[in-house]
Amino acid sequence: MQFDKEIFDLIEQEFARQQHGLELIASENFTSEQIMRAMGNVMTNKYAEGYPGKRYYGGCEVVDKSEQLAIDRAKQIFNVDFANVQPHSGAQANAALMLAILKPGDKILGLDLSMGGHLTHGSSVNFSGKLYQPFFYGVKKEDGLVDYDMMEKVALEEKPKLIICGASAYSRDWDYARIRNIADQVNAFVLCDMSHPAGLIAKGLLSSPFEHCHFVTSTTHKTLRGPRGGIILMKTDFENPMGIKGPKGETRMMSDLLNLAVFPGTQGGPLEHVIAAKAVAFFEILQPDFDLYAQQILANAKSLETAFKKRDYDIVSGGTDNHLLLIDLRNKNISGKKAENTLVKADITINKNMVPYDDKSPFITSGIRLGVPALTTRGLKEGDMEHIANWIDTILMDAENEQTTIRVKGEINEFMLAFQLYPGWKI
Ligand SMILES: *Cc1c(COP(=O)(O)O)cnc(C)c1O
């Protein structure tokens with residue numbers, strides 16, 4: 001077989017880009033070498049529709065064991081009774097969850113995308129806003145915190161079947177007890193989509209959603225630092241209150257409905273190689289090292305917050321409880337788009353982001369979102385956050401000056417040499 005030089009050259013270029021730059025995209029991280037090894041292996045050759053012990057194909061004895069390990073470890077991390085590790089992504093996990101408990105046209109209530117929510121929480125361009133009838137709550141204008149009064153008001157008026165909490169650009173913890181109280185008043189389910197802070201929740205550094213939320217979904221590649229993928233979790237299984245029956249007329253347990261909604265509901269064959277890599281990631285999370293990692297994320301985020309405040313940057317909600325910061329650039333006279341485009345030229349990767357009550361479009365935006373999980377994996381500590389804020393500020397305050405960008409890029413590339421991404425791999 002001929003070697004595909006074109007693609008493998010591009011993979012090397014991407015490795016070089018990751019090695020040299022400052023990765024501040026809040027949803028990204030760097031997996032370990034063993035996770036990557038587990039992802040690229042013979043399990044990609046295997047069809048295994050179904051679940052461990054109940055497959056539609058022969059020869060699943062081995063992948064049954066590795067999928068079961070992934071399930072058991074996920075349950076152990078979060079101390080829950082149910083885990084489905086098959087969703088190909090966070091969006092797929094949410095699609096399956098909604099398919100399991102909703103009918104087309106049912107009402108859902110989530111955080112507005114422009115206030116930090118996610119596409120799959122009811123956006124009109126996403127299945128969640130097309131198949132279901134979406135309503136939204138926001139954050140308060142005065143303090144940037146989730147507006148639980150608004151959530152309650154909309155819930156009482158619209159009586160949604162599902163209330164979704166969790167976000168993509170929200171730097172504060174959540175009041176899950178309050179949300180459950182609101183949901184109970186209107187007989188709604190609560191889904192916590194902990195895709196972003198899952199790694200911090202795993203180590204008890206943020207409130208746990210499991211006692212109060214019927215369902216929890218997550219990606220596995222953000223703060224969980226695993227392969228790209230999704231999971232669905234449930235603290236305790238329960239009989240579905242929708243009255244959905246099984247083939248023998250028996251009432252279906254919710255765990256059954258969730259498994260059926262993933263396969264055959266929304267997916268075919270599971271990615272057993274990625275599931276093996278999820279199992280490795282869960283193994284890593286169970287080690288004491290990951291406690292230190294999660295604590296370091298919080299320490300770094302706090303230091304970055306302090307460093308930006310010192311330079312008079314306006315942080316939405318006034319700071320952070322988790323791994324990310326949302327910065328409103330309106331007092332700095334630069335748009336999110338311009339900031340993103342200028343920073344990337346200095347090998348600083350961030351993303352432009354709407355801020356609450358933004359007067360600019362989603363393509364321009366007034367803000368940027370910065371997260372520290374990836375740089376924390378690289379080994380950066382609190383003291384390094386001062387350099388980062390300084391570099392970013394230098395560029396943003398002199399965005400038209402190419403010389404400044406080039407100088408800062410040189411400093412960053414040199415700085416990152418001390419933090420080898422995969423030591424021993426050659427670029
Ligand atoms: C990232 C994210 C997702 C989607 O994950 P994908 O793997 O990109 O599909 C879902 N929900 C939230 C809150 C997220 O932040």
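Remember, it's 1-based here, ligands and their atoms both numbered in the order they're listed.
If you check each of T120, L119, T219 against atom 5 (O) of ligand 1, the one with the closest non-hydrogen atom is T219. Closest heavy-atom approach to atom 14 (C) of ligand 1 among the candidates K222, Q92, H196: K222.
Between K107 and E157 there is no salt bridge, since none of the side-chain N atoms of the basic residue sits less than 4.0 Å from a carboxylate O of the acidic one.
The distance criterion of under 3.5 Å between nitrogen or oxygen atoms is met by S168 with respect to ligand 1. Inclusion of G166 in the set of residues having an N or O under 3.5 Å from an N or O of ligand 1 is not warranted.
Looking at S27 against ligand 1, nothing comes within 4.0 Å, counting heavy atoms. By the criterion of a heavy-atom distance under 4.0 Å, the side chain of H221, and not its backbone, is placed next to ligand 1. Contacts between S195 and ligand 1 below 4.0 angstrom, taking non-hydrogen atoms only, involve the side chain exclusively.
Nearest protein heavy-atom contact of atom 3 (C) of ligand 1 is H118 NE2, 3.2 Å. In terms of protein heavy-atom proximity, atom 12 (C) of ligand 1 is closest to D193 OD2, 3.3 Å. A91 N, 2.9 Å is the protein heavy atom nearest to atom 9 (O) of ligand 1. With hydrogens left out, the protein atom closest to atom 7 (O) of ligand 1 is G90 N, 2.9 Å, a heavy atom.
Of the residues K65, R55, K278, K46, the one that meets the salt bridge (charged side-chain N to carboxylate O under 4.0 Å, His left out) test with E272 is R55. Considering D321, T320, L200 in turn, D321 is the only one that fulfils the side-chain contact (heavy atoms from CB on, under 4.5 Å) rule with D173.
Judged by the 6.0 Å distance and 45° axis criteria, K332 is positioned over the aromatic ring of Y313.
Proximity of I392 to L396: side-chain heavy atoms (C-beta onward) are separated by under 4.5 Å at one or more points.
Pairs passing the ring pair (Phe, Tyr, Trp, His ring centres under 6.0 Å) check and including a residue from residues 92-133, sequence neighbours excluded, read H118-H121.
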| request: Kindly determine whether Q267 and Q86 satisfy side chain to side chain donor-acceptor pair (under 3.5 Å), including the steps that lead there. | output: CA-CA 9 Å; Q267 294 186 173; Q86 291 193 0; 5.0 Å; no

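The closest approach between any non-hydrogen atom of A167 and ligand 1 is below 4.0 Å.
Applying the salt bridge (charged side-chain N to carboxylate O under 4.0 Å, His left out) test to R378 and every residue at least two apart in sequence or in another chain returns nothing.
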